[in-house]
Amino acid sequence: MKTPLGKKELTEYKEKLLKVRDELRDQIKEISDDTLMKSQKDMSGDISGYSLHIADMASDNYERDFNLGIVSGERKVLMEVEEALKRIEDKVYGVCATCEKPIAKIRLNAVPHAQYCKKCQEKLEKDNQI
């Protein structure tokens with residue numbers, strides 16, 4: 001099914017998606033730089049030559065793992081945004097990937113990278129709760 005949206009609306013959603021994409025890329029870069037480019041000493045603020053306390057190391061490792069989890073989630077959303085931009089180019093943006101019915105504009109405004117209508121999204125989430 002072709003997109004139910006007009007050219008003007010598609011342009012608006014494309015601009016919104018491009019803005020989200022840029023923001024996600026900036027966030028991923030910032031978190032990655034902060035997390036991956038620092039040594040254990042840098043993260044703890046320890047400038048002495050003495051070894052770090054084990055509790056500090058555990059805390060730093062937790063923070064690093066937490067930040068990497070955030071980056072992983074951000075990358076997933078970034079991929080969804082890229083896919084939505086591709087759907088705009090393919091003239092199928094705003095069409096549910098499952099039932100092929102139009103996705104409500106209120107949903108697209110809230111989640112511009114939505115691939116499914118609310119009903120199909122809820123079914124997917126319910127099916128994956130096992």
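Index from 1, following the sequence.
- Connection of Ile31 to Phe66 is established within a shared hydrophobic cluster, with ILVMFWY side chains joined at heavy-atom distances below 4.5 Å, either directly or through further cluster members.
- Enclosure of atom NZ in Lys14 is not indicated, since only 12 or fewer non-hydrogen atoms of other residues, nucleotides or ligands lie within 6.0 angstrom.
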- Message: Please evaluate residues Met1 and Lys101 with respect to the criterion side chain to side chain contact (heavy atoms under 4.5 Å, CB included), reporting the C-alpha separation (whole Å), side-chain torsions for both, the decisive distance (0.1 Å), and the verdict.
- Response: CA-CA 8 Å; Met1 176 178 193; Lys101 293 181 181 173; 5.9 Å; no
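- From Thr98, atom OG1 reaches atom NZ of Lys123 across 9.0 Å, with rounding to the nearest 0.5 Å.
- A heavy-atom distance below 4.5 Å is not found between the side chains of Val95 and Pro102.
- Going from atom SG of Cys117 over to atom CD of Glu100 covers 11.5 Å, rounded to the nearest 0.5 Å.
- Note that CD of Gln115 and CG of Leu124 are 9.0 Å apart. Values are rounded to the nearest 0.5 Å.
- The NZ atom of Lys118 lies 13.5 Å from the CD1 atom of Ile103; values are rounded to the nearest 0.5 Å.
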Which donor-acceptor pairs under 3.5 Å do side chains of residues 74-86 form with protein atoms, sequence neighbours excluded?
residue	atom	partner	partner atom	Å
Lys76	NZ	Glu80	OE2	3.0
Glu80	OE1	His113	NE2	3.4
Glu82	OE2	Arg25	NH2	3.1
Lys86	NZ	Asp90	OD1	3.1
Lys86	NZ	Asp90	OD2	3.0

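- Looking at residues two or more places apart in sequence or on another chain, you find no side chain to side chain donor-acceptor pair (under 3.5 Å) involving Tyr93.
- A continuous path of hydrophobic side-chain contacts links Tyr62 to Ile70 [ILVMFWY only; heavy atoms under 4.5 Å].
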- Run the side chain to side chain contact (heavy atoms under 4.5 Å, CB included) check on Glu15 and Thr11 step by step: do they pass? CA-CA 6 Å; Glu15 288 172 5; Thr11 300; 3.7 Å; yes
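- Distance alone, capped at 3.5 Å, places no donor-acceptor pair between the Glu30 side chain and the Gln27 backbone.
- Following chains of ILVMFWY side-chain contacts shorter than 4.5 Å, one can reach Val20 starting from Leu18, so the two form part of one hydrophobic cluster.
- A donor-acceptor contact shorter than 3.5 Å links the side chain of Arg107 to the backbone of Tyr116.
- A continuous path of ILVMFWY side-chain contacts below 4.5 Å connects Leu108 to Leu10, so both sit in one hydrophobic cluster.
- For the pair Lys8 and Tyr13, the minimum side-chain heavy-atom distance is 4.5 Å or more.
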